J.: 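Dropping the structure in here first, questions after.
First the proteins, then the strands, lettered A, B, ... as listed; each starts at 1. The shown structure was predicted, so the numbers you read here are calculated from the model rather than taken from an experiment.
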Amino acid sequence: MDYDFQQIEKKWQEYWAKNETFKAENDSDKPKFYTLSMFPYPSGAGLHVGHPLGYIAGDIYARYKKHKGFNVLHPMGYDSFGLPAEQYAIQTGQHPAITTETNINRYREQLDRLGFSFDWSREVRTSNPSYYKWTQWIFIQLFNSWYNKETDKAEAIESLISIFEKEGNTKVNAACDDDVNEFSAKDWKGFSNKERQQVLLKYRLTYLADAEVNWCPALGTVLANDEIVNGVSERGGHPVIRKKMTQWMMRITAYAQRLLDGLDTIDWPQPLKDSQTNWIGRSEGAEVEFRVQSSEFRISVFTTRPDTIFGVSFMTLAPEHELVAKITTAEQKAEVDAYIEATAKRSERDRMADVKTISGTFTGSYAEHPFTKEPVPIWIGDYVLAGYGTGAVMSVPCGDQRDYDFAKHFGIDIPNIFESVDISEEAFADKGNTVIANSDFLNGLPYKKAVKRAIYELEQLGQGQGKINYRLRDAVFSRQRYWGEPFPVYYDVDGMPQMIADEHLPIELPEVEKYLPTETGEPPLGNATDWAWDSEQCSVVSNQLIDNKTVFQLELNTMPGWAGSSQYFNRYMDPKNDEAIYSREAINYWEDVDLYIGGSEHATGHLLYARFWQKFLFDKGIAPKDEFAKKLINQGMITGESAFIRVINRGYYKYPDNISSDEMEERDRIFDSLFNDMLQKRIVSWDLIKSKKLYDAVNGELYNLKEVFNSDYVKEVFENRGFDVDKITFTAWKRHVPVDYVNLKNEIIEAEFTNWYEDDIYSSDLFRTEGKFKVGREVEKMSKSKYNVVNPDAICDDYGADSLRLYEMFLGPLEQSKPWNTAGITGVHSFLKKLWRLYHTGPNNAFHVTDTPPSERSGEAFKTLHKTIKKVEEDIENFSFNTSVSTFMICVNELTAQKCKSKAILEPLAILVSPYAPHIAEELWEKLGHTTSISEAPFPKFDASHLVESSKEYPISFNGKMRFTMELPLDLGKDEIEAAVMAHEKTQAQLQGRTPKKVIVVPGKIVNIVG
RNA sequence: GCCGAAGUGGUGGAAUUGGUAGACACGAUGGAUUCAAAAUCCAUUGCUCACAAGGCGUGCGGGUUCGAUUCCCGCCUUCGGUACCA
């Protein structure tokens, strides 16, 4: 009987589904184990072979833990809100819910084919109202909380109100906005309701604020920092500008220190912890106050180097700093205004591209040095960021390179306060290796002592104190998109946000006619006709009923992508609960994730936000653990190799003779922009060239470059510039270009190409140019747009899911990224066939396993088996799945050579293999006479007695080089071994009569003779 | 610039605490079987030398050690993250 993987895999997938083999119960006598893989965004492209890598690893671990007697929770779901479905809706008018549903069904089909042990009864989808009901609920919890720095936890907003009523806010130590004014209990009582709400908003853990945000005009939305790559949007590559907007914010900064401290308590990869640490960016230093001369204004600065305070020769404010307008003198006003306008115009991208240019201007005002009382000129400059620290710095040119460059550029003094340090060329930023000089009471002190002393003196003066600053910013929580969670918020008669009561949740996403922002620039929900809240009926009603008495406007923004993914791991514990986010019993049983597997790209996004929410839920007593995942593993990326052609040079344009110079200029402009779009971009993939047979492998020629210019990418570029692509005829003069594909390495090829455009305006050659291409290969992320995607379905058709699972593991260490190469899959596939044959040694390859274990070689077989048990168990515990696949191969090769047919060996072997290749294991298990799933079987117990050896083949080395081996009994002592080795003829041959200086004998390991 | 990861045959990779470098596969070469192909099986396969003996070999240069892919010092390269953070 042959190994019919198609039939076997289908059979067992149906069996698992029908019998709910992997359904987890919320109570059990067994110990719990919660394994989680990051849930996917169901994209239209479907799964590629890179996606399942982490799922397979998680599945192996989950199945292994089940064999080991754990009650395993291994759920899966979908992060189903997101931009692509919305973009598709904008283009086609198709509702994102439909697109999403279609994509999820496709994902599910693909996932099912891989034989995962997911408990699908617990599936969640972030876009389901029954799920986002609880996302909205958490939002309300955050709104109704403030962060008490005294108790170092979130508390109910009521406790803050009662403090305000008793003593005002002067003694409150809370995480809050910078601009809260002090008020007394009496003041509070005198506030109007609106004023009170405004004050409270500055303390809530989610709040409205006018924030400077990354606005992407092309997408019509705000983007988070991690959604921007090199100054353009991650999706689509559109430019991003800075803009002030009223936005919902999350006060994650309240948790900065706890997010940092928590990292010590969890077993996550160090690189990931490092990047979170850097992202949070704690720095210790001091806040120093400078008085502005002849005014009441004071400028606060944050510095990590209070020890260098006597080196201050100017101050710099960010152009956006609120004091700029107030302190600028009349003479300097025009210059300052011009500078502010110029910097505001520069996009984020320009600023980043151009960090070298030093710019700034003098305000005309002076501050007073806290100690020397000398005047310090106040400048503004865009190297100071409004968003970090206080948006102002004390500039110490001798100790900071940026200040140094600025001072040099504008001819400002550079006083030296370092003992015996030359600062004529550059600033001295080294904290050690010198002592402070020319600094009054700091003279002669090294860095650390000087910092302490400076802070002490500032405190005495009442002009500063030690301070810890974080780079982490509060997170913008509003998106101007349709396909996201709606906020459970309406705006009352005062325009203040009001939460909708829990019992009316979820507030479901309304239908809209179009998914773009409205003409007046409101978010897409502004298009909804029924998007008002009737506060008496407690229901969503038509906008026409808005009277701002009982019926109010609902929030038009939606929540960002990370909202839904910040709570899903807990919701899996009790996903169908409609009364609560999850039951007490469920969360007290499962507690937290024991093993979380996912990509490292989420380091500063999802994984930070989810930790923040978890800590909040912990403070509120909603979750029992303040970290949601004990252990985390980053699976590497499976990359694809793609060869492609880039345009590297556009050459020069040639036009037909009969066009005017005006027209020529106009064309130049258009073509320049066209080529700028294409330059350095890959215009066609090699796979496409091959599939279109544009490459002649025999002669090593690339031909018909015309087709190269017919690529979708080029068409898209032309289309984006307003050309009608159907009217363009792409041609190329040079039709045959030699290219050595095999040794292809960034080769430059030259070709002249022409494009012909037919319409009323350009009824002639559009242009002709001699351009250069570069042909090269790169290993990179698999993506549809790169034409390097390998689909798992095709692999399942040809080799089966078990082969795919084994192969993905066999490729290399889980955490390492590695290129996909389908060629090697035959190796694991033939292993499975060999495994199958081991159980099918009867006539006509019929199933044949004997009950009689002791044959003459059974000792060998037991040794092989137990060697394998030991190694596989260790490998799984260490997440070294690639080496267990090798171990299985060795095991099967050995058992085949031993002609092992014994049930006593082959039965445990099936269990060992089952986490990796569950389908074949189930089939063999059934053939062995079992009527229940192999997943119920206990993992074979390792018995060391089978591995006891009586002798060892000792490597005999000379000066560290192994020369030959020698079989010796293991119970031999050091001296006996040495004697035996010295007596060996090969030893004598090696020594050639010389007496060895030394003989190292490590019993059981090695012998080394030093000569 | 800063932070992090990694450099081992033609390829993916193994060597878990310093002890036989290259396990296990892929590919390649030769052979068996077959009318033929697929499949399967056997042999060889780090480099070098005609073979053998030998020599050289884990990015490069040093060091520690009887012994280093592994530990230490100094470089180089590639990839990922981050970037005027005061």
J.: Please pick, from B/C3, B/A21, B/G57, the nucleotide with the shortest atom-to-atom distance to any side-chain atom of A/K961.
T.: B/G57
J.: Should A/R963 be listed as having a side-chain N or O under 4.0 Å from OP1 or OP2 of B/U20?
T.: no
J.: Does a nitrogen or oxygen in the side chain of A/Q816 sit under 4.0 Å from OP1 or OP2 of B/G13?
T.: yes
J.: Indicate syn or anti for B/G9, taking the glycosidic torsion and treating anything within 90° of 0 as syn.
T.: syn
J.: Just compare B/C24, B/A86, B/U20 and give me whichever is closest to any side-chain atom of A/S886.
T.: B/C24
J.: Could you tell me how far B/U16 sits from B/U64 if I compare only their C1' atoms? Round to whole Å.
T.: 23 Å
J.: Would you say the base of B/U40 and the side-chain of A/K834 have a donor-acceptor pair closer than 3.5 Å?
T.: no
J.: Both A/N469 and A/Y807 contact RNA chain B. Taking the nearest nucleotide for each, which residue is further toward the 5' end?
T.: A/Y807
J.: So which nucleotide from B/U20, B/U82, B/A15 ends up closest to the side chain of A/T883?
T.: B/A15
J.: Tell me whether the side-chain N/O atoms of A/K818 come closer than 4.0 Å to OP1 or OP2 in B/G12.
T.: no
J.: Would you measure the distance from the C1' atom in B/U8 across to the matching atom in B/G13 and give it in whole Å?
T.: 9 Å
J.: What integer distance in Å separates A/I825:CD1 from B/G12:P?
T.: 18 Å
J.: Determine the Euclidean distance between corresponding C1' atoms of B/U58 and B/A21; express it in Å to zero decimal places.
T.: 7 Å
J.: Given the P atoms of B/G19 and B/G74, what is the spacing between them in whole Å?
T.: 25 Å
J.: Considering only B/G19, B/A23, B/C85, which nucleotide approaches the side chain of A/K1005 most closely?
T.: B/G19
J.: I'd like to know whether the aromatic ring centres of A/H829 and A/Y807 sit less than 6.0 Å apart in this structure.
T.: no
J.: Select one nucleotide: of B/C85, B/G67, B/C84, the one nearest the side-chain heavy atoms of A/R471.
T.: B/C85
J.: Heavy atoms from C-beta onward define the side chain here; which of B/G13, B/A86, B/U40 lies closest to that of A/S830?
T.: B/U40
J.: Any strand counts, and the cut-off is 3.5 Å on both contacts for Watson-Crick or G-U wobble. Which nucleotide pairs with B/U29?
T.: B/A43
J.: Expressed as a whole number of Å, how far does the P atom of B/G67 sit from that of B/U20?
T.: 15 Å
J.: Do the ring planes of A/F958 and A/F964 sit parallel (below 30°), tilted (30 to 60°) or perpendicular (above 60°)?
T.: tilted
J.: Begin from the C-alpha positions of A/R611 and A/Q276 and carry the test side chain to side chain donor-acceptor pair (under 3.5 Å) through to its verdict.
T.: CA-CA 11 Å; A/R611 291 184 58 222; A/Q276 289 209 347; 2.6 Å; yes
J.: B/G4 phosphate, OP1 or OP2: any side-chain N/O from A/N278 under 4.0 angstrom?
T.: no
J.: Find the partner of B/G4: check Watson-Crick (N1-N3 plus N6-O4 or O6-N4) and G-U wobble (N1-O2, O6-N3) distances, both under 3.5 Å, and reply none if neither fits.
T.: B/C79
J.: Give me the distance, rounded to whole Å, that separates B/G22 from B/G57 when you measure between the C1' atoms they each carry.
T.: 11 Å
J.: Taking a pair as Watson-Crick or G-U wobble with both distances under 3.5 Å, which nucleotide is matched to B/A53?
T.: none
J.: What is the distance, rounded to the nearest whole Å, between atom CD1 of A/I977 and atom P of B/C66?
T.: 20 Å
